[in-house]
K.L.:
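To start, I am sharing the structure in question, which I have written as structure tokens.
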Amino acid sequence: MFFPDAHLRVWLYGEPVDMRKSFDGLYALARNGLKQDPLQGALFAFVNRRGTQIKVLYFDRSGWCVWAKRLEAGRFIGDWRGLRHREMDCTGLKLLLEGIEIKRQRKRYRVMPQGT
């Protein structure tokens, strides 16, 4: 993948984005929509309305980079109604890029109380 460090901050823009936007347009969305400074080294992910395309904007100390992916089948985001701007880790971004949406987290094992 394109990010070398697992400790990077990743921001997902929680509204559909016009995929004709490039460096300056995505920078403006990150700066004004997410209220974050893109020059600090975080990754910013933007998804189109149909959920079939994603662009990731980041600054690598020498210039702006935009990484894009388009799915041939399936969607990155199935339902926009529950999605909000949010921060996630690199694992969440990797899952999103693979088309895996985490809807509900549930503990796999349950600790039984003592004496039962």
Side-chain angles (χ1 to χ4, degrees):
M1 288 305 282
F2 59 90
F3 36 93
D5 188 7
H7 301 290
L8 288 174
R9 296 174 70 183
V10 180
W11 291 92
L12 177 64
Y13 193 75
E15 297 175 12
V17 174
D18 182 4
M19 286 293 118
R20 293 177 290 183
K21 292 187 185 301
S22 188
F23 302 99
D24 296 329
L26 297 176
Y27 172 82
L29 287 175
R31 184 84 172 156
N32 300 323
L34 293 171
K35 306 291 189 229
Q36 298 296 318
D37 184 11
L39 296 172
Q40 297 300 318
L43 302 175
F44 297 91
F46 304 92
V47 181
N48 69 338
R49 183 172 305 280
R50 292 187 333 184
T52 58
Q53 295 180 26
I54 190 169
K55 284 188 176 182
V56 178
L57 173 74
Y58 60 100
F59 188 76
D60 71 352
R61 290 186 225 139
S62 63
W64 291 103
C65 300
V66 173
W67 186 83
K69 182 175 181 178
R70 182 183 72 191
L71 294 177
E72 294 298 320
R75 296 172 185 241
F76 291 112
I77 295 176
D79 188 14
W80 282 102
R81 289 177 291 182
L83 188 66
R84 302 288 179 256
H85 303 315
R86 71 172 190 254
E87 182 180 3
M88 58 184 172
D89 59 357
C90 286
T91 303
L93 179 61
K94 289 177 185 178
L95 291 174
L96 181 66
L97 291 173
E98 291 297 323
I100 301 170
E101 231 182 315
I102 299 175
K103 294 189 186 278
R104 179 175 51 157
Q105 294 180 354
R106 187 172 46 168
K107 289 186 179 180
R108 191 171 193 176
Y109 300 105
R110 185 171 46 153
V111 177
M112 299 299 289
Q114 294 291 337
T116 58

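On a predicted model such as this, the values are computed, not experimentally measured, just so you know.
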K.L.:
Where is the tightest heavy-atom contact between Lys55 and Ala68, given as atom of each residue plus distance?
P.N.:
CG-CB, 4.0 Å
K.L.:
Set out, in order, the CA-CA distance, both residues' side-chain angles and the distance that settles side-chain contact (heavy atoms from CB on, under 4.5 Å) for Glu87 and Gln36, then state yes or no.
P.N.:
CA-CA 11 Å; Glu87 182 180 3; Gln36 298 296 318; over 6 Å; no
K.L.:
Please list, chain by chain and in numerical order, all residues satisfying salt bridge (Lys or Arg N to Asp or Glu O under 4.0 Å) with Asp24, sequence neighbours excluded.
P.N.:
none
K.L.:
Determine the minimum heavy-atom distance between Phe76 and Leu97, stating which atoms define it.
P.N.:
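Reported closest heavy-atom pair: CE2-O, 3.6 Å.
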K.L.:
Heavy-atom distance under 4.5 Å between the side chains of Leu57 and Tyr13, does that happen here?
P.N.:
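The answer is no; the side chains never approach within 4.5 Å.
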K.L.:
Please give me the minimum heavy-atom distance between Leu8 and Gly41, naming the atom from each residue.
P.N.:
CD2-O, 3.6 Å
K.L.:
Roughly how far, to the nearest 0.5 Å, is CD1 of Ile54 from NZ of Lys69?
P.N.:
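Going from the NZ atom of Lys69 to the CD1 atom of Ile54 covers 8.5 Å.
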K.L.:
What's the spacing between Gln53 CD and Arg75 CZ if we round to 0.5 Å?
P.N.:
12.0 Å
K.L.:
For the atom pair CG (Asp18) and CG (Leu26), what is the distance rounded to the nearest 0.5 Å?
P.N.:
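Reported to 0.5 Å precision, the distance equals 9.5 Å.
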K.L.:
Are side-chain heavy atoms of Trp64 and Leu39 found at a separation under 4.5 Å?
P.N.:
yes
K.L.:
Minimum heavy-atom separation for Gly74 and Thr52, please, with both atom names.
P.N.:
O-CG2, 3.7 Å
K.L.:
Nearest 0.5 Å, what's the CG-CZ distance between Asp37 and Phe59?
P.N.:
10.0 Å
K.L.:
Please report the shortest heavy-atom distance between Arg31 and Pro38, naming the atom on each side.
P.N.:
CD-CD, 4.1 Å
K.L.:
How long is the straight-line distance from CH2 of Trp11 back to CG of Leu43, given to the nearest 0.5 Å?
P.N.:
12.5 Å
K.L.:
How long is the gap from NZ on Lys21 to OH on Tyr27, to the nearest 0.5 Å?
P.N.:
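Answer for the NZ-OH pair, Lys21 versus Tyr27, is 15.0 Å.
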K.L.:
Are any non-hydrogen side-chain atoms of Leu12 and Val47 less than 4.5 angstrom apart?
P.N.:
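They are in contact (side-chain heavy atoms under 4.5 Å apart), so the answer is yes.
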